[in-house]
Amino acid sequence: MATVEVLVMAAVLGVAAALARSAPPPPSGAVPSALEDVLGYDLAGPPTPARLLLDWRWDWLLGTGAVVLAVVYLLAVRRLRRRGDAWPVGRSASWLLGCLAVVLATSSGLGRYAQSQFSLHMIEHMTLGMVAPILFVLGAPTTLALRALPVSRAGVPGAREALVAVLNGRIARMMTHPLVVLPLFIGSFYAVYFTGLFDAMMDNHFGHLVMNVHFLVVGYLYYWVIIGIDPAPRRLTPVVKLALLIAAIPFHAFFGLALMNSHSALATGYYQSLDLPWAPNLVADQQLGGGVAWGATELPMLIVLIALVAQWARADDREARRDDRRRDADGDVELHSYNAMLAGLARRSSAAAAGGGVAVAERPRTSPTGHAPDPRSPDGASPAPPGPDPSQQS
């Protein structure tokens, strides 16, 4: 029933978003502009920092979804604290910043102008595909849900059991496999922009919405595998995670350089239909978007690298503390056995010395003459064999 309700709510939000994006009927005698015909709304002028920040147009799907996610997260944290359990403030701050990034990318002036210029669209894409997923992953939403949701006591699986089943399911294991998530994350850039998908998606609002959701979900999967705090279907070593991170860097750089060196504009028909007076050169604007794609990957990758190294160090520290607790629990059997062996060797050596013999572990040395060494001799050499008494010689 909960799944059906979520699907119904998503359908209602989708219809509401489509109706909100559709252009209202113009008043009698007024002719809609080209922007209103294509975008469904008008633009006040060229994009300026003030307009990109203050000229809002609410996205009823992604913007509302981000607000709902923030509220649900805070309610779960409050439930834990009322129960007496602690929750790191940094995780809450990371999750809320991720929700804010989604709202700014889709509902602020950036989201309003993103459908009119390729360079602004690329800023929105990088925010949804790289910045917001990193913040969401560091917020550890699955761990919070597993701790906040109640355990089913009536024998009927509840929301917590359903979440555990999804995490242990075959689909989750397949989607988090390194050979799946890495090509999916990298290939999305090339499949969308270097094929006809970008032209088809930019022609209508639904395609633009699908593209934004796709980059958000794929980015979350990729960073979940690398720096995810939540339990994952697969446990990867830090070396494999670092390899996944490094492997994506040259592909991102090549993607940005390819756009910077392009000589033909993408979605030419769509952008020409807007007829923007402040962006007459579509190729130059696309090259600027390529520079954004090339330069915007450095800071997110640096954040991910720092988080990965910090998690690696904490994992080593936890492993060391776990070993110490294991030694304390079993009384350090290995150390006691080793000490017992040394004590036994010392007792055998003492017993041999007290009996006037040689230690068992030491073979008696012989002199060149074949006799055993005399312990009374300073150098351990054997005394000379007795010769005839001179007084008895004739």
Pair D59, S107: side-chain N/O donor-acceptor within cut-off below 3.5 Å = no
inquiry  = Can a donor-acceptor pair be found, under 3.5 Å and without considering hydrogens, that links the side chain of N261 to the backbone of L257?
reply    = yes
query = What distance do T48 atom OG1 and L54 atom CG have between them, rounded to the nearest 0.5 Å?
reply = 8.5 Å
task = For L52 and P47, work out which heavy atoms get closest and say how close.
result = CD2-CB, 4.0 Å
message = Keeping S94 on the side-chain end and L135 on the backbone end, is there a donor-acceptor pair under 3.5 Å?
response = yes
message = Starting from I123, can I reach W278 by hopping between I/L/V/M/F/W/Y residues whose side chains sit under 4.5 Å apart?
response = yes
key: Common cluster, L128/V192, ILVMFWY with side-chain heavy-atom separation under 4.5 Å   = yes
inquiry  = If we ignore hydrogens and angles and just use 3.5 Å, is the side chain of R173 paired with the main-chain N or O of P233 as donor and acceptor?
reply    = yes
message = Please report the interatomic distance CG(L110) to CG(L53), rounded to the nearest 0.5 Å.
response = 10.0 Å
key: Any pair counted as ring-ring contact (aromatic ring centres under 6.0 Å, His included), so long as it reaches residues 90-115, sequence neighbours left out   = Y73-W95, W95-F136
inquiry  = Tell me whether Y190 at atom OH has more than 12 heavy atoms from other residues, nucleotides or ligands lying less than 6.0 Å away.
reply    = yes
request  = Would you please test I227 and K241 for side-chain contact (heavy atoms from CB on, under 4.5 Å) and show each step?
outcome  = CA-CA 8 Å; I227 58 172; K241 295 179 179 180; over 6 Å; no
ask   = Are side-chain heavy atoms of L259 and Q287 found at a separation under 4.5 Å?
value = no
ask   = Among side-chain atoms of W58 and T64, is any donor-acceptor pair under 3.5 angstrom?
value = yes
request  = For side-chain contact (heavy atoms from CB on, under 4.5 Å), just list the numbers for T127 and L104, CA-CA rounded to whole Å, side-chain angles, deciding distance to a tenth of an Å, and then say yes or no.
outcome  = CA-CA 9 Å; T127 304; L104 292 176; over 6 Å; no
message = Under the criterion ring-ring contact (aromatic ring centres under 6.0 Å, His included), I'd like the reasoning laid out for Y41 against H205: C-alpha separation, chi angles, the key distance, then a yes or no.
response = CA-CA 12 Å; Y41 54 89; H205 174 69; 8.8 Å; no
query = Do the side chain of D199 and the main chain of A267 share a donor and acceptor less than 3.5 angstrom apart?
reply = yes
inquiry  = With rounding to the nearest 0.5 angstrom, report the CG to CD1 distance, L138 to I303.
reply    = 9.0 Å
key: Partner residues of I171 under the side chain to side chain contact (heavy atoms under 4.5 Å, CB included) criterion, sequence neighbours left out   = M175
task = Indicate yes or no for a side-chain donor-acceptor contact from D285 to the backbone of Q117 under 3.5 Å, with no hydrogens or angles considered.
result = no
request  = Identify whether I306 and L308 are in the same connected component of the hydrophobic contact network (ILVMFWY, side-chain heavy atoms under 4.5 Å).
outcome  = no
Check: Y193 ring centre within less than 6.0 Å of H125 ring centre = yes
key: Heavy-atom pair of closest approach, residues R234 and P178   = CD-CD, 4.5 Å
ask   = Are M202 and L266 side-chain neighbours, meaning at least one heavy-atom pair lies under 4.5 Å?
value = no
message = Tell me whether F189 shares a hydrophobic cluster with M201, the cluster being built from Ile, Leu, Val, Met, Phe, Trp, Tyr side chains joined at under 4.5 Å.
response = yes
ask   = Looking only at heavy atoms, what is the nearest atom pair of H214 and S188, with distance?
value = NE2-OG, 3.0 Å
task = Taking all non-hydrogen atoms of both residues into account, name the closest pair between R91 and T143 and its distance.
result = NH1-CG2, 4.4 Å
inquiry  = Contact between L96 and L74 at the side-chain level, heavy atoms closer than 4.5 Å - yes or no?
reply    = yes
ask   = T142 versus L167: any side-chain heavy-atom pair under 4.5 Å?
value = yes
ask   = So do L221 and W224 actually touch side chain to side chain, heavy atoms under 4.5 Å?
value = yes
ask   = Does CH2 belonging to W294 count more than 12 external heavy atoms closer than 6.0 Å?
value = no
request  = Kindly check if the number of other-residue, nucleotide or ligand heavy atoms within 6.0 Å of CZ (R170) is above 12?
outcome  = no
query = In Å and rounded to the nearest 0.5 Å, what is the CD to CZ distance from Q115 to F118?
reply = 14.0 Å
query = If we only count heavy atoms from C-beta on, is the L144 to L80 side-chain gap below 4.5 Å?
reply = yes
query = Is the shortest heavy-atom distance from the side chain of S108 to the side chain of V103 under 4.5 Å?
reply = no
message = Run V151 and E161 through side-chain contact (heavy atoms from CB on, under 4.5 Å) and show every step you take.
response = CA-CA 8 Å; V151 179; E161 288 73 19; 3.8 Å; yes
task = May I ask you to check whether F194 and F255 place their ring centers less than 6.0 Å from one another?
result = yes
task = Looking only at non-hydrogen atoms, find the nearest pair between V102 and L216 and report the distance.
result = CG2-CD1, 4.4 Å
query = Just by distance, do the side chain of R112 and the backbone of D42 share a donor-acceptor pair under 3.5 Å?
reply = yes
key: Check: L244 main-chain N/O paired with Y222 side-chain donor or acceptor under 3.5 Å   = yes
key: Heavy-atom closest pair, residues C99 and A66   = SG-O, 3.5 Å
inquiry  = Centroid separation under 6.0 Å, is that true for the rings of F198 and H208?
reply    = no
message = Is it true that Q286 and H263 share a donor-acceptor pair across their side chains at a distance under 3.5 Å?
response = no
ask   = Is there a side-chain contact between Y223 and V304, using heavy atoms and a 4.5 Å cut-off?
value = yes
query = Are V240 and L182 joined in one hydrophobic group, where the rule is that I, L, V, M, F, W and Y side chains link up if heavy atoms are under 4.5 Å apart?
reply = yes
note = So CG of L236 and CD1 of I226: to nearest 0.5 Å the spacing works out to 9.5 Å
request  = Carefully, step by step, assess F215 and E124 under the rule side-chain contact (heavy atoms from CB on, under 4.5 Å).
outcome  = CA-CA 10 Å; F215 286 127; E124 180 189 43; over 6 Å; no
